[in-house]
Amino acid sequence: MDVAALGTLVRTLEERGYEVIAPSIREGAICYGPVTCVEDLPAGWTATQEPGRYRLERRQDAALFGYTVGPKSLKDFLYPSELKLLRAEKAEGPFRILADAAPAPRRAFLGVRACELAAAGVQDRVLMQDHFRDPSYEARRRGSFLVAVHCAEPAGTCFCTSWDTGPRARGGFDLALTEFVGEGRHEFLVEIGTAEGAEVMDAVSHTAAPAALLDESHAVTAEAVRKMPRKLNVEGLRERLRDHFEDPGWDAVAERCLACGNCTQVCPTCFCTNVEDTNDLKGEVAERSRRWDSCFSLEMSYIHGGEVRKSTKSRYRQWLTHKLSYWHDQFGTSGCVGCGRCITWCPVGIDITQEAARIGENA
């Protein structure tokens, strides 16, 4: 399909009751947010990413998806940073707990990358398929329509090939796009992943794609694999981190780490939260909210008598070993998908691939 048909796709999704969430330029970065037309997409923009560095740059073409992941992920919408759990009001008698009757939003996500699909799969395992289910997440997840875009150019902090989570989306999408842009050419190959995806495409102008175009699509992602700048050797990593709890590498990274929690906030799989109760000054209204928390927060490990993890070293070690080692024991998968966000958005440029490789290397 062509660019005009992509606009029709956006309108079709809106007509089916979805709010379309797609990338656009917001606050100096390419971020997910509501869009209503193709013109809202970041045409001709990309971003360079290195440890502790993110900069918007102009491309030499008008590609709509010529960038890699920004600071926001699907988690921001499926597992929002703040969620009101209940509200209670007191009026001439006892408190009455008011039911939240608002339905979960129906959203169509356009421009989703393979690593983000993998991250959603990890959160599905944690929040929908474990002993306890998160009803808010489940409702938002089931009300989502996913339009993936195969990555053509990895960022300087990407390492999805280490976990086999990209750059090509292999499933978990309703539709998947490959963008082809060049002199006199701007079109998309569409792969249909679900029955609803097929229904949506019935309303969009398109033609049958020749087999050569699918071969070209695979060549695009094969080139992205070749250009992937970072690698993490995951063989034996789980055991190595577990068995080197007092490795001097933890002290070395703690000297740089600010314990700011940026890495956990941008991570598409981190799920730690805190529950807070508030009330008005009159004592007539009380609310309970759930907010994102971080294992880098000192209060996160507080129990009666004090904090369990007082040092930055212990908190960084908890984050890295949980994500890359103990997560396997709990959920049967890694907690990392190689998106590289934690590297880009770390203020001091700590690189998870380097730190994980360093632990136990001299044992």
Side-chain angles (χ1 to χ4, degrees), residues 1-26 30-46 59 61-70 72 74 77-78 103-114 116-117 120 140-153 168-218 220-221:
M1 68 178 181
D2 58 18
V3 175
L6 183 64
T8 304
L9 174 62
V10 172
R11 292 191 296 273
T12 300
L13 290 169
E14 289 178 333
E15 291 167 359
R16 294 175 71 92
Y18 289 106
E19 178 188 29
V20 180
I21 304 295
S24 60
I25 296 177
R26 304 165 192 268
I30 299 175
C31 298
Y32 283 125
V35 302
T36 58
C37 59
V38 168
E39 287 71 25
D40 291 335
L41 301 178
W45 285 96
T46 189
R59 291 176 56 89
D61 55 37
L64 300 175
F65 302 102
Y67 59 90
T68 49
V69 293
K72 290 185 179 292
L74 296 182
F77 301 91
L78 300 178
R106 283 168 49 85
R107 289 179 169 135
F109 297 94
L110 172 62
V112 180
R113 302 309 166 103
E116 297 187 290
L117 291 173
R140 290 167 182 264
R141 184 74 163 96
R142 298 196 186 284
S144 299
F145 186 96
L146 299 176
V147 183
V149 172
H150 299 306
C151 274
E153 297 179 14
R168 189 171 194 85
R170 299 186 183 91
F173 55 79
D174 295 283
L175 300 173
L177 309 179
T178 306
E179 183 175 24
F180 301 105
V181 59
E183 187 174 346
R185 180 193 190 192
H186 198 170
E187 61 184 356
F188 301 89
L189 174 66
V190 185
E191 298 168 59
I192 297 174
T194 64
E196 187 179 7
E199 291 177 9
V200 168
M201 284 306 298
D202 284 342
V204 178
S205 176
H206 64 278
T207 59
L213 200 60
L214 183 59
D215 293 339
E216 188 177 355
S217 171
H218 281 278
V220 166
T221 48

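Note that the structure is predicted; figures quoted are calculated from it, not measured.
Residues that satisfy the side chain to side chain donor-acceptor pair (under 3.5 Å) test with E191, not counting sequence neighbours, are H150, R168. Looking at residues two or more places apart in sequence or on another chain, you find a side chain to side chain contact (heavy atoms under 4.5 Å, CB included) between R59 and T46, D61, A63, E153. Listed by chain and number, the residues in a side chain to side chain donor-acceptor pair (under 3.5 Å) with S24 are R26 (sequence neighbours excluded). The side chain to side chain contact (heavy atoms under 4.5 Å, CB included) check on A209 picks up L189, L213, with sequence neighbours excluded. In this structure D2 satisfies the salt bridge (charged side-chain N to carboxylate O under 4.0 Å, His left out) test with no other residue, sequence neighbours excluded. Considering only residues two or more places apart in sequence or on other chains, F65 meets the ring pair (Phe, Tyr, Trp, His ring centres under 6.0 Å) condition with none of them. For F173, there are no ring pair (Phe, Tyr, Trp, His ring centres under 6.0 Å) partners two or more places apart in sequence or in a different chain. With sequence neighbours excluded, no residue forms a side chain to side chain contact (heavy atoms under 4.5 Å, CB included) with A62. Residues that satisfy the side chain to side chain donor-acceptor pair (under 3.5 Å) test with T12, not counting sequence neighbours, are absent from this structure. Scanning for side chain to side chain donor-acceptor pair (under 3.5 Å) contacts around T36 gives D40, with sequence neighbours left out.
The shortest side-chain heavy-atom distance between L78 and F109 falls under the 4.5 Å cut-off. The side-chain heavy atoms of H186 and L64, taken from C-beta on, include a pair separated by under 4.5 Å. Looking only at side-chain heavy atoms (C-beta outward), R107 and Y18 stay at 4.5 Å or farther from each other. Here the side chains of L9 and M1 are in contact, with some heavy-atom distance below 4.5 Å. Inter-residue side-chain proximity for F145 and L110 is flagged as unmet; no heavy-atom pair is nearer than 4.5 Å. Proximity of C151 to T221: side-chain heavy atoms (C-beta onward) are nowhere separated by under 4.5 Å.
Taking every heavy atom of both residues into account, V220 and A152 meet most closely at CG1-CB, 3.6 Å. Scanning all heavy atoms of the two residues, the minimum distance from L117 to G171 falls at CD1-O, 3.6 Å. Looking at every heavy atom in both residues, F77 comes nearest to R140 through O-NH1, 3.1 Å. Here the shortest heavy-atom pairing between P42 and Y67 reads CG-CE2, 4.1 Å. Between A120 and L74, the shortest heavy-atom contact is CB-CD1, 4.2 Å. The heavy-atom pair separating V35 from A22 by the smallest distance is CG2-CB, 3.6 Å.
To the nearest 0.5 Å, the span separating CG on L6 from CD on E187 amounts to 13.0 Å. From E14, atom CD reaches atom CZ of R106 across 13.0 Å, with rounding to the nearest 0.5 Å. Here the CG-CG distance, from L175 to L146, works out to 9.5 Å after rounding to the nearest 0.5 Å. Taken to the nearest 0.5 Å, the SG atom of C31 stands 12.0 Å off from the CD1 atom of I21. Summarising the geometry, atom CD belonging to E179 is positioned 12.0 Å from atom OG belonging to S217; distances are rounded to the nearest 0.5 Å.
Distance alone, capped at 3.5 Å, places no donor-acceptor pair between the D174 side chain and the V147 backbone.
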Acceptor/donor pairs from residues 201-208 side chains to any protein atom, 3.5 angstrom cut, sequence neighbours excluded:
| unit_1 | atom_1 | unit_2 | atom_2 | d |
| --- | --- | --- | --- | --- |
| H206 | ND1 | M201 | O | 3.3 |
| H206 | ND1 | V204 | O | 2.7 |

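The stretch residues 141-152 participates, sequence neighbours left out, in these salt bridge (Lys or Arg N to Asp or Glu O under 4.0 Å) pairs: D124-R141, E138-R142.
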